[in-house]
Novice: 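Sending over a structure as structure tokens; questions will come in a sec.
Along the sequence shown, the residues carry numbers beginning at 1.
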Amino acid sequence: MPTLTEGRTPGDFLLYDVADYSRDVVTIGAGADLEPGTVLGKVTASGKFIRSVRTATDGSETPVAVLRTAAAAASADVTNAIVQARHTRCRRFGLLFDATWSTEGERDTACAALADAGIVTT
């Protein structure tokens, strides 16, 4: 019998949310396949969400959401991705940060930005 491997799920990072209130359906900008738990920023010009990169200058440098569902956005936008946008508690060490958030201090800053959006990390 072949070995089955389960990918990441919301259970890897999500501790609490309110289904009707905490989640939004958004567009993920093309450029990378993203897994659940990825910390996202919002590009100011387009309104699309992409992986939050600390050194970016397009608005996405500020973490504002956490991806709930996988988004295969390597070659095209994903228009129906679900994100945790507010009133959510996440497991900090279950979140996926871009490599530019490399130190604990930088990740503390990212988590503070998420808290400003209503996403608490523990």
Novice: Looking at G105, is its backbone amide N or carbonyl O close enough to the side chain of T109 to form a donor-acceptor pair, meaning the two atoms are under 3.5 Å apart?
Specialist: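 At least one qualifying donor-acceptor pair exists.
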
Novice: Using 4.0 Å as the upper bound for N to carboxylate O, is an ion pair formed by K48 and D77?
Specialist: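 A salt bridge is present here (some side-chain N lies under 4.0 Å from a carboxylate O).
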
Novice: With heavy-atom distances below 4.5 Å as the criterion, would you say the side chains of V64 and F49 are in contact?
Specialist: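 In contact.
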
Novice: Would you say L15 and T122 make side-chain contact, with heavy atoms under 4.5 Å?
Specialist: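 Touching, per the 4.5 Å side-chain cut-off.
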
Novice: Side chains of T57 and E61 only: does a donor on one sit below 3.5 Å from an acceptor on the other?
Specialist: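 Side-chain D/A pair, T57 to E61: absent.
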
Novice: Check this for me: does any side-chain nitrogen of one of D24 and R86 sit under 4.0 Å from a carboxylate oxygen of the other?
Specialist: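 Result for this pair is yes, salt bridge flagged.
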
Novice: Which heavy-atom pair separates F97 from C111 by the least distance, and what is that distance?
Specialist: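 Shortest heavy-atom separation between F97 and C111 comes out as CZ-SG, 4.0 Å.
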
Novice: With a 4.5 Å limit on heavy-atom distance, are the side chains of T38 and R51 in contact?
Specialist: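 Answer yes - side chains close enough.
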
Novice: Would the distance check show the side chain of T121 and the main-chain N or O of C90 forming a donor-acceptor pair, the cut-off being under 3.5 Å?
Specialist: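 Here the side-chain-to-backbone pair does not exist.
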
Novice: Answer yes or no: is there a donor N or O on one side and an acceptor on the other, between the side chain of S22 and the main chain of H87, under 3.5 Å?
Specialist: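 Such a contact is found between S22 side chain and H87 backbone.
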
Novice: Any donor-acceptor pair under 3.5 Å linking the side chain of R8 with the backbone of P36?
Specialist: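 Yes; judged by distance alone, with no hydrogens or angles, the pair exists.
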
Novice: Could you tell me whether a side-chain N or O of R23 sits under 3.5 Å from a main-chain N or O of I82, the two making a donor and an acceptor?
Specialist: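 Here the side-chain-to-backbone pair does not exist.
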
Novice: Compare all side-chain heavy atoms of L40 with those of I50 and state whether any distance is below 4.5 angstrom.
Specialist: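 Not touching, per the 4.5 Å side-chain cut-off.
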
Novice: So, are D108 and R92 salt-bridged, with charged N and O less than 4.0 Å apart?
Specialist: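 Answer for the salt bridge query: yes.
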
Novice: Going by side-chain contact (heavy atoms from CB on, under 4.5 Å), T27 matches just one of V43, T79, N80. Which one?
Specialist: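 In the set V43, T79, N80, the residue that makes a side-chain contact (heavy atoms from CB on, under 4.5 Å) with T27 is T79.
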
Novice: Would D12 and R91 pass as an ion pair if we require N to O under 4.0 Å?
Specialist: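 So D12 does not pair with R91 through a salt bridge.
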
